[in-house]
Amino acid sequence: MTALLELKNVGKAFGGLKALSDVSFSVAPDEIFAIIGPNGAGKTTLFNCIAGALAPTQGEILFQGRRIDGRPPHEICAQGLVRTFQIVKPFRGMTVLENVKVAAFARHPRPRDAEAAAHRVLAHLGMEAFAETDADELNVAQMRRLEIARALATEPKLLLLDEMLAGLTPAESAAMCDLIRALPRQGIAVIVVEHSIPVVRSLCERAVAITFGEVLAEGTTEEVIDDPRVQEAYLGRADAKVDA
Amino acid sequence: MSGFRTVAIVAALVVAAFLLALSDRYYMDVFILTCFYGALAVSWNMMAGLTGLMSLGHALFVGIGAYSVAWGASVQGWPPLVTWPMGVVIAVAAAAVMGMLCFRYGLRGYFFAIATLAFNEVAFFSVSASVALGRSDGLILPTSSEDSVMMLQFFDKWPYGLIIGTVLIATLAIGQYLLTSRTGYYWRALRDNEEAAEALGVNARAYKLRCFMLSAGISAVCGAFYANYVAFVDPRSVLGIDLSIQMLVYSIIGGMALLWGPLLGAVLLVPFSVLLRNISAMQGSEIIAYAVLLVVLALILPQGIAGWLTARWRRRKAAPRPEGFASVAAAEKSA
Amino acid sequence: MTQELNRRRLMQIAAAATVLPAGFAHAADPLKVGVLVPMTGATAGDGARLLKAHELAAKQINEAGGIAGLGGAKIELMVADTQSKPEVGRSEAERLISRAGASVLLGAWASAVTIPSMQVAERYRTPFIVTSAVTDSITEQKLQFVFRVSPKGSWAAKDVIEFIGFLRQKGQKIDKVALAYEDGPFGQTVSKGYKAGLPEKGIAIVAEETFRTGSPDLSTQAAKLKASGADLVLIVCYVDDESVLLRALAAQQYKPMVLGYGGGHVHPTLLKLGPLVEGAFGIVEWMEDVKKPASETFVKTYKEAYGEAPLSNAAQAYASTWAAALAADAARSREPLAIRDALRKLKLSSGPASLLPNDALAFDENGQNIVGNVMSQVIDGNFVTVWPEAVASKPVKFLK
Amino acid sequence: MTFGIFLQAVVSGLANASIYALIAVGLTLVFGVMRIINFAHGEFLMIAMYGGFFAWSLFGVDPVMAILIVTPLLALLGMALYGGIVRLALKVPEINQMAVTLGLSLLLQHLALVLFSGDNMLVTQPRSTAGIVLGPVVIQVTHLIACGASLLLLGLIYLILRRTDFGLVMRAVAQSRDGAALSGIDIASVYKWAMAVGVGTLGVTGPLLVSILYVNPHVGALFTLKAFVIVIVGGLGSFGGVLVGALIVGLAESIAGAWFSASIAAAVPFAILILVLLLRPEGLMNRSLAR
């Protein structure tokens, strides 16, 4: 199996502060992979390094065998790796269709083609009815869905999802999970950063756990979650937080 | 493609106004000034309203265009055929350099505005000190009593109206073409959320630069026109901050989210100030009225008059609002 | 396009048709005179003063029975605010001529506004009398319809040279001259004349200091002027910055002779500086105490009307208004072309328009009034004319 | 240029810098707290200068004493500005905020033109021409007073910000509006007071500056841009940055003016600004860029 994405000893320091060190793992072309860890473990930093928002200070990131670390986000997107944002960032001055069209332009330079592609994605996600709605008028769940729609419209090989379920109702979460679960069949691998252990268990085949910017465990989801060190780091801190 | 229809309507209105103004030289003068400021404001707003780059130094590009023509005509005897393209090339190059410097460090908002203002001021004071460019006295373009197409000298005003009207319509057409193309979508995406746009494959620096260069080029054309029309340039009138502020004012009042919003601002305000000048003898009453209008509109009508009009129009013929997410999710489940 | 041509021909015919009745215009039809002045912007105060003088002249003309050559027609001033902006001046000139039907234009204070405005008039073949702009090139364009009452800026150098000779004759030591000016249109224009003219006559300029308007501190410039050891400092700027400069010179305990330029210097605000400006010279186009009958009458009526003393630009505005009326009177016509021809032949050695310090108000083939400047001096807290001796009201007072 | 002249240029630059700092400190305070750039700042300076002038010409009050009257008036004006306009401006996009304060600046200039005419007004006192000679250098007494006042005022504001509850609240809001609101701070009232202090500082500057310079309706605009340059060079919202920025701009301008023409010298602060924006966009004294 050749890895779709491979991280080799990735590190990131802000000034003297080390946010990530020696992170290595790989993701296969047809899997749903999870990055888990307590708050402040460096998940988002790692995520930003992969997506190109931050340049790692150490190590290599390979996507389809090519180095992408330090490349700007738009180039990474062009290679087929796209991300969503935990805090949704719709283009508020545009309609839903226009939002998706922006992303579709990454593969279809001609406006007519891009529009057709955008319609296909919206139809696929069941959002066709919103096409002409202003993005600004959507509710949280709809905006999350729009994030995914935009990401899919870039026709990626790997989709990075950052806390897609935060703030959704159980029904909305379930719908979102179904959506994600269907992606590998369409040839799209997924990396999720997720807080909820049950969700990770139900969605992902493999996972990596990090804490204090270092890899704690990597393997199948069950292995990683059941690893006592992960339990301690993750749940221990979570408990402490509840107490506080 | 309702955008093109709108531009076609606007273009038809411009042509109609031109034809009406043919009857009277003074009306033609008002028409010309309105088109001049309109085209400038539209080009400024391509940056501010469509791409989210607020420039306070746009007079720099007007000045480059105007001084290229004035210097070419008065010092070298070059015709507009040479000096107009020269001005545009210099302005576009200047915008490219400024843009590369500013965007490299991600300057935005107030910081970008003040940076462009600073470039403008450096140019203003440099021209004020430059003997070759006539220092603060400015340059007078040679005039003759004969009309000359080569030197863009006409006794009648309508040729000037024709030129600037064409510039305005071309500006709108280019703008509308780009808006419906990938470039326009990328610009608006950058305006709304740069980070998200980049993640979706938009090369932010390249597209912002492209916008800056286009806008500078159009402003330089307007500046070149100004030099030929007024036949006199000096630092205060073509490099002064007042000019940049005027572009901002027309855009704010007209509406920045739409291509033709700033033109509406110019159409309302240029004749408005002419009118006030005619009816009022009180010192500065025109500017006072203008300033009050600006403050009030910027506060209560942030989307501008054009934005307010289209919002009303859309609301009137709005489709019934789509239902919530739950029903969509349900539909998906059953599918 | 043919339609367009037809239109134009139609308009020409229409225009020709209106020309004839104009010749038989009713006596009550006034002579329309367009006045371009800044009423907003930084020079609004000056614009207001100019306007007072224009209005005073118009009132006098009308009260004296109007323009005889036009059957007693009144003069009507149509005032337009240029906002001190070239394109507004241009546009207003356009309006005054083509809409309001002005037969002649007066104005427009600053050179930057005057130049584009007068070019409009030239193209409309309507006379434009420049009241106070000093940029040389205004009457060097070979324009056929532009006349100027005020002297060229560079002529100041000639007068300064003569005045320096006069002072030397009186036993004053003036070996070194320094120049200090505001680095804007006004200062740059006049100083250019000084820099070209003085060295030609063997007067060395030993220092050249510039500043921009609004500098709170001019100590460095003052120190450099002092270090140059100049006996005479020529200052070209508006009264605001001159006050800052004079204070800085005083703080340096440097007391050269100073010679300020124009209405920017001979300005009531300057007198507020008290002892600091006592003895200071100024070169100016006109002074209220110029010994000429026309001048004395003007000052008296102006003070009666407005309760303040007129400045030099007011005299020019006044003269230009009279010149326009007298030209129309001589031409017996409201036609711009006829008035232009009459302006060319005008030679006013007496009467209200002759208040400026030359023998007669007359325009040469370039439309330029050959007029010199006078020298003022602050004596006992007042501006008085001290040179040329023919029009001086007091002799020069020497402090050392 | 001799060494003596150079020293004079340095001293002159310092004198200018102290005045610039007095003007810029209010601007940066307002920006720091509420993230709004006030393009009408110079017009409030102009109002304060008229205040100082009329206190002197009508009531014979020395400009230094007039500070005591003008400052509270300007602070009140600042509050009115907040209540009437800025409060609303905070709800519209940045570019509209810019338009609002630009419009206000035009409005105030032309109202002043109607009220006071375009003429310059001067304060003349015996000390306006007095200078203190220190070797090759002369310092004008009025400038020395402005320098002293500048240092005093900056010190006072520093103490208020660092040592009082009011200052603490102000800094808290500057750092995080939402955080401060969550901990029960009345944001609107903090804004109101920030505006009062920001505009109020001009009540000190105005009377001092009018005794050095002159006042006309457009005089404030001469300083607005310079004040922007200073606060950005120093770091927007940074208190120490104002001092650093004012020193750099004042000295550079003055020394360049001794060497070159005034137009070139006038371009220097803007050239410095460009350099700073390109090399260190957060300003010289700021650690984090407020985006």
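What you are looking at is a predicted structure, and each value in this text was computed from that prediction instead of being measured. Lettering of chains follows the sequences in order, A, B, ..., and the numbering in each one begins at 1.
- Between chain B and the options D:Ile264, D:Val276, D:Ile272, D:Leu106, the largest number of non-hydrogen pairs under 4.5 Å is found for D:Leu106.
- Taking the salt bridge (Lys or Arg N to Asp or Glu O under 4.0 Å) definition, one finds that B:Arg188 meets it with A:Glu98, sequence neighbours left out.
- Relative ring orientation between B:His58 and B:Phe61 is described as perpendicular, the plane-to-plane angle rising above 60° on a 0-90° scale split at 30° and 60°.
- Along residues 291-302 of chain B, the residues that come nearer than 4.5 angstrom to chain D, judged on non-hydrogen atoms, are B:Ala291, B:Val292, B:Leu294, B:Val295, B:Ala298, B:Leu299, B:Pro302 in order of number.
- In this structure, B:Arg312 forms a cation-pi arrangement with B:Trp308, its terminal cationic atom sitting closer than 6.0 Å to the ring centre and no more than 45° off the ring axis.
- Neither the backbone nor the side chain of D:Leu275 comes within less than 4.5 Å of any heavy atom in chain B.
- Both the backbone and the side chain of D:Leu277 come within less than 4.5 Å of a heavy atom in chain B.
- Counting heavy-atom pairs closer than 4.5 Å to chain B, the top-ranked of the candidates D:Ala99, D:Ala89, D:Ala265 is D:Ala99.
- In this structure, chain B has a heavy atom under 4.5 Å from the side chain of D:Leu225, while its backbone stays farther away.
- Each side-chain hydrogen bond (donor to acceptor under 3.5 Å, both in side chains) pair with one or both residues in residues 80-95 of chain D, not counting sequence neighbours, would appear here, but there are none.
- Most heavy-atom pairs under 4.5 Å with chain D: of the set B:Leu56, B:Leu117, B:Val127, this distinction falls to B:Leu56.
- The contact between D:Val100 and chain B is made by backbone and side chain atoms together, counting heavy-atom distances below 4.5 Å.
- Within residues 243-261 of chain B, the residues approaching chain D closer than 4.5 Å by heavy atoms are, in numerical order, B:Ile245, B:Leu248, B:Ile252, B:Met256.
- For a residue to count as touching a neighbouring chain, one of its non-hydrogen atoms must lie under 4.5 Å from one of that chain's; by this rule B:Phe119 touches chain D with backbone and side chain alike.
- The residue among D:Leu107, D:Leu88, D:Ile95 with the most heavy atom pairs within less than 4.5 Å of chain B is D:Ile95.
- With hydrogens and angles ignored, the 3.5 Å screen pairs a side-chain donor or acceptor of B:Arg191 with a backbone N or O of B:Gly49.
- B:Thr116 places a side-chain N or O within 3.5 Å of a backbone atom of B:Phe112 that can act as its donor or acceptor partner.
- With a threshold of 4.5 angstrom between heavy atoms, D:Leu273 approaches chain B through side-chain atoms but not through N, CA, C or O.
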